[in-house]
Amino acid sequence: MEIKKVGVVGCGLMGHGIAQICAQNGWEVVVREIDQGQLDKGIGKVRKQLGRAVEKGKLEQADADAVLARITPTLEYGDLADCDLVIEAITEDLDRKLEMWEALDGVVRDDAYFATNTSSLAVADQAAATKRPERFIGLHFFNPAQVMPLLEVVRAERSGDDAVQLGFDLGEQLGKTTVAAADNRGFIVNRLLVPYMLDAIRAHEQGVGSVQDIDTGMMAGASHPMGPLTLADFVGLDTLVAISDVMAEAYGEDGFAAPDTLRRMVDAGDFGRKTGRGFYDYSGEEPVPVDSGS
Ligand code: CAA
């Protein structure tokens with residue numbers, strides 16, 4: 001099927017980026033959020049990213065305007081009715097995702113495809129909540145979706161070959177590097193990356209190094225673009241707890257369990273960059289490690 005119109009459910013950290021790259025690729029995009037405030041915030045981020053690209057001379061103002069014009073923000077599922085593909089990027093909570101798929105399944109065209117951008121939940125569990133499991137796949141993008149080259153394409157138990165092929169074709173059209181991943185918890189990247197971030201938090205708890213030194217260590221010693229604690233803040237500490245809970249239950253290994261520090265921070269409402277505080281305080285010009293005492 002040739003994609004012309006894509007629905008994106010969720011306009012948060014991942015959803016706004018997915019909506020932007022789809023619109024940049026020339027597709028009509030309908031992006032749905034639960035309230036006007038969230039929707040405005042997400043579209044504001046797209047506008048800001050496009051503005052930066054114009055400032056840098058990488059995009060003409062007219063093209064940036066055209067990208068924005070291709071994105072229709074909405075609060076109604078009904079506006080996604082004639083999409084060819086719907087990608088969900090809502091909170092990492094299975095009950096909420098199932099509720100959403102049930103609502104969408106009734107309104108979106110029967111021959112449209114569905115994809116979840118879940119980081120850790122089973123694609124098959126979500127597919128089973130719809131009447132179109134053969135048209136259901138996992139499409140796992142990475143943050144920031146506008147920049148990160150990878151797309152994991154996940155075949156679930158009942159995904160059809162055409163749905164999986166659509167995932168690879170979409171990745172190619174968006175200029176992504178695609179990999180096939182099995183429908184296990186965390187797929188390929190999070191299966192390896194999540195225990196690494198959790199281990200960095202445990203290393204900090206054990207006094208192995210300060211927040212800054214752990215991050216600098218991995219950046220300067222292993223050429224990572226971000227240290228693991230900056231990355232945890234970037235992913236979102238609430239999301240990291242949600243993923244680690246799913247993976248700890250699935251794998252039964254201590255390495256996937258959320259460390260106490262992480263749970264305490266999330267309980268306190270410190271979700272990382274998105275709330276302005278995590279392992280770093282983001283209220284000033286530059287992030288300041290919270291263990292620095294400044
Ligand atoms: N949205 C859009 N574009 C962005 C962006 C954002 N949030 N952040 C940075 N960019 C763009 C910049 O505009 C810049 O573009 P140009 O090259 O066209 O000028 C480019 O990315 C590089 O940005 P900067 O120069 O500002 O900064 P940087 O070189 O430090 O790169 C980074 C920023 C790309 C985020 C880099 O630090 C990086 O790759 N970090 C690691 C990110 C990562 O590991 N992501 C995966 C997280 S795990 C995940 O997502 C899976 C999950 O399920 C949890």
Side-chain angles (χ1 to χ4, degrees), residues 10-24 41-60 63-64 67-68 87-93 97 115-123 138-154 174-177 179 181 184-198 200-201 215-216 218-220 222-247 256 258 262 271-274 278 280 282 285-287:
C11 196
L13 201 59
M14 296 307 299
H16 87 274
I18 297 171
Q20 182 181 331
I21 55 176
C22 288
Q24 279 176 335
K41 203 170 153 194
I43 298 295
K45 284 190 205 156
V46 174
R47 188 171 282 118
K48 192 168 156 192
Q49 295 302 338
L50 291 171
R52 280 198 188 146
V54 171
E55 268 170 35
K56 288 181 192 165
K58 296 194 167 179
L59 195 65
E60 294 294 327
D63 293 331
V67 171
L68 262 180
I87 305 172
E88 78 75 25
I90 67 167
T91 311
E92 194 69 346
D93 177 317
K97 288 191 198 280
T116 171
N117 179 56
T118 181
S119 306
S120 58
L121 298 166
V123 177
L139 287 179
H140 188 214
F141 292 84
F142 292 81
N143 178 24
Q146 296 95 329
V147 179
M148 299 303 285
L150 188 66
L151 176 67
E152 289 179 313
V153 179
V154 184
L174 293 175
K176 300 291 184 196
T177 300
V179 291
N184 66 324
R185 304 301 70 73
F187 313 126
I188 296 171
V189 175
N190 280 339
R191 172 75 176 76
L192 302 172
L193 192 61
V194 169
Y196 158 68
M197 286 186 277
L198 299 177
I201 298 169
D215 276 352
T216 302
M218 291 310 292
M219 288 170 72
S223 278
H224 289 192
M226 282 177 169
L229 300 173
T230 297
L231 185 59
D233 276 356
F234 188 65
V235 165
L237 303 185
D238 54 334
T239 303
L240 189 54
V241 167
I243 298 174
S244 61
D245 284 347
V246 170
M247 293 175 81
F256 292 105
L262 179 61
F271 295 174
R273 210 184 263 203
K274 62 179 140 181
Y280 292 80
Y282 297 90
E285 285 277 296
E286 292 292 328

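Worth knowing before you read on, the calculation uses all heavy atoms, side chains too, and leaves out hydrogens, waters and symmetry mates. Every number for a ligand or one of its atoms is a count from 1 in the order of the listing.
Residues satisfying the salt bridge (charged side-chain N to carboxylate O under 4.0 Å, His left out) criterion with R191, sequence neighbours excluded, are absent altogether. The salt bridge (charged side-chain N to carboxylate O under 4.0 Å, His left out) check on K45 picks up nothing, with sequence neighbours excluded.
Considering all non-hydrogen atoms of both residues, L121 and K97 come closest at CD1-CE, 3.7 Å.
Side chain of E152 to main chain of F187: no donor-acceptor pair is present (N/O by atom type, distance under 3.5 Å, no hydrogens or angles). In this structure, K176 contributes its side chain and A145 its backbone to a donor-acceptor pair below 3.5 Å.
Annotation: side chain to side chain donor-acceptor pair (under 3.5 Å) contacts involving residues 225-239, sequence neighbours excluded, comprise D215-T230, D233-Y282, D238-K274.
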So what's ligand 1 close to, N/O to N/O, under 3.5 Å?
unit_1, atom_1, unit_2, atom_2, d
ligand 1, 1 (N), Q49, NE2, 3.3
ligand 1, 1 (N), Q146, OE1, 3.4
ligand 1, 3 (N), Q49, OE1, 3.4
ligand 1, 13 (O), K56, NZ, 3.0
ligand 1, 15 (O), K56, NZ, 3.4
ligand 1, 18 (O), K58, NZ, 2.6
ligand 1, 19 (O), K56, NZ, 2.6
ligand 1, 19 (O), K58, NZ, 3.3
ligand 1, 45 (N), N143, O, 2.8
ligand 1, 50 (O), N143, N, 2.9
ligand 1, 53 (O), S119, OG, 2.9
ligand 1, 53 (O), H140, NE2, 2.9
ligand 1, 53 (O), N190, ND2, 2.9

